[in-house]
There are 2 protein chains.
Amino acid sequence: MRLALVHELQAAIPACVVHAAATIATALELIEANQFALILIDPGLPGYDPRSEMDRLKTISTVVERTPAAIHIVITGAESAQEWEEVRTIGVAGYIAKNSLKPGTMTAILQSIADHGCCVGLMHETSMSPEVYHAVLSPREQELVQWMMQRPANISRKAIYDQLGEHLNIDAASAERYYKRARAKLLKFGQLPESL
Amino acid sequence: MRLALVHELQAAIPACVVHAAATIATALELIEANQFALILIDPGLPGYDPRSEMDRLKTISTVVERTPAAIHIVITGAESAQEWEEVRTIGVAGYIAKNSLKPGTMTAILQSIADHGCCVGLMHETSMSPEVYHAVLSPREQELVQWMMQRPANISRKAIYDQLGEHLNIDAASAERYYKRARAKLLKFGQLPESL
DNA sequence: GACGAAAGTGACGGCGCTGTCCCTATTTGC
DNA sequence: GCAAATAGGGACAGCGCCGTCACTTTCGTC
C-alpha cells in the first residue's frame, strides 16, 4: 500500500526521492533526520500503532508541528468533511480520500495545492462501474479495453478511438490496433467478456 | 489502492482475470453476475459506504454467504486477532493485515491457504527500517540500493552481491554492476545518501 | 450491389530494463 | 608489497511495451 503511494508520487514528481515509514515512530525518526518538502500522512486505522495512544488528529498535528517547512497532505480511508476542517486549521494543505485517489490523480492534486493552496478530494462521484483487469494484457491494452467496455451503446467504436487518441496523444489508428490486439489476446486465452 | 491489490494478485497468479469494486454495492453486483474462485475483501473503514449500515462483520458475512464456492481472504488495515477468530468461523480462509502485505507476499499467502487451508498475516515484525525510493532508479537498481543500505557494517559488499545473486537468480557480478550503476545515477543527480 | 464500419493478421523501429562480459584505477587489508 | 575488495567506466544481446504502417475479410446498411 505504501508502495502504491510511492509510485503515484514518483509518477507525479520526476526525479524525486521518497522516504516511507511503516509506523509513526519510524516517521518521526525520518522527519528529525531529513528536511522534507512534501509529506503525505495516512493517519491509519484504530490500533494502527499499538504502542501509541495518539489518535488520528494528534498524530497529524505532531507531524505537522515538527515540520513547519513542508507541505502536508493527509491521505485517509475514513474520510470526513469535519476532520478536514479540523486539520486545515492546523496547517494541512490537502485532504484526500483513498477512494478518490485514482492513478494519475497525484499530479492534479499537487497542481491544485500549488494554485489554490489547498486541495480536497472526498468521495465525489465514485466511479460505480466495476473494473476488470486481465493479467495477459499490457497496461495500454488494459486501458483500451477499460474504455471500450464503458462505451455507451449508441457510440461507434471509431468515436472512442478518436477520443482515446486525443486523450493519450497517440494516433486514433494506433488506439484501434491496441484494442484489436487486446481482443485477440483475450480471445486466445478464453477470457473474452461478453461485452465483446 | 485497489490497483495495488490487483497487481499483487496478477503477480501471484499468471493469466488471471481480476474484477474490482469500489463499493460494497458494486461488489454485490459482481458476485451475482460472475463465478469467482477467489475473493479479497477489504471491509473498509467506518463510513466506508455511507449508504449502508453494515458493519465490517456484516459486510464480510454477506459476501461469504453469497459465494460459497469461492475462497475468501480479508485484507484489512485495522487488524485484530479477535476479528480473525470471528471471520474464520464464517468460512474465511485468510486474514491479512495491510502492514504485513509486502510486494510478493501474495504468492506465499495463496500457497499457505492451499497447504494448510488458511493463512493469517497480522503485524508481525514490522520492518522498522525506513524505506527510501529514488525515482531515477529502475526497480532492480532500487532493490540493490535498498539491500546495500541495510548492510551491517561488518559485512563486505561482496558478500551482499553473492547473497543477492542467489536471491534473484542472477550473477553476483551482475548484482555488483547494478549497484554501481545505481550509485552512479544517484551521484549524477546529487541524490546520494550519506550511507554511500 | 456498393460503401463504410468493424474485425483479424503481420511486420517494423524505438526505447527502456535486464543480465552478461570486459577493462581500468584506487583503496584496503594481510 | 601484494592481493583482494571497491569504485568507475563502456559495450552488448534479449525482451517486452509502445507507436506506427499496411493489408485482407466480414458484416450491416443504404
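Sequence lines set the chain letters: A, B, ... in the order given, protein chains first and strands last, and positions in each chain run from 1.
Going from atom CD1 of B/I160 over to atom P of D/dA5 covers 14 Å, rounded to whole Å. Rounded to an integer number of Å, the gap from CD of A/E176 to P of D/dC21 is 13 Å. In this structure, A/E143 atom CD and D/dC17 atom P are separated by 15 Å, rounded to whole Å. Atom P of nucleotide C/dG8 and atom CG of A/L186 are separated by 11 Å, given to the nearest angstrom. A/R157 has its CZ atom 15 Å from the C1' atom of C/dG4, to the nearest Å. Taking atom CZ on A/R181 and atom P on C/dC12, their separation rounds to 15 Å, with Å as the unit. Rounded to whole angstrom, the span from the CG atom of B/L144 across to the P atom of D/dA7 amounts to 13 Å. Regarding A/L168, its CG atom lies at a distance of 7 Å from the P atom of D/dG19, rounded to whole Å.
B/L30 pairs by the side-chain contact (heavy atoms from CB on, under 4.5 Å) definition with A/P130, B/H19, B/A21, B/N34, B/F36, not counting sequence neighbours.
Base engagement by A/S174 is indicated by at least one non-hydrogen atom pair under 4.0 Å involving a base atom. Heavy atoms of B/K180 sit under 4.0 angstrom from at least one base atom.
When the nucleotides C/dC17, C/dT20, D/dC18 are ranked by their closest atom to the side chain of B/I170, C/dT20 comes out on top. Listed nucleotides: D/dT20, D/dA7, D/dC18. Nearest to the side chain of A/S138: D/dC18. Listed nucleotides: C/dT18, D/dG10, C/dA7. Nearest to the side chain of B/R177: D/dG10. Listed candidates were D/dC18, C/dT20, C/dT18. Nearest to the side chain of A/R140 is D/dC18. Taking the side chain of B/L187 as heavy atoms from C-beta on, and the options C/dA6, C/dT9, D/dG8, the nearest nucleotide is D/dG8. Residue A/P139 places its side chain closer to D/dC18 than to any other of C/dG19, D/dC18, D/dC21.
Here A/Y178 does not reach the OP1 or OP2 of D/dC18: none of its side-chain N or O atoms lies under 4.0 Å away.
Between B/D171 and B/R177, none of the side-chain N atoms (NZ, or NE/NH1/NH2) sits under 4.0 Å from a carboxylate O, so this pair counts as no salt bridge.
Summarising the geometry of A/Q35 relative to A/A69, their closest heavy-atom pair is OE1-CB, 4.3 Å, with the distance given to 0.1 Å. Shown here for A/A135 and B/A15, the closest heavy-atom pair between the two residues is CB-N, 3.8 Å.
Two end axes, each from the C1' atoms of five base pairs, can be drawn for the helix from C/dG1-D/dC30 to C/dC30-D/dG1; they diverge by 20°, to 10 degrees.
Checking A/L137 against A/A172, the closest nucleotide of DNA chain D that is more toward the 5' end is the one next to A/L137.
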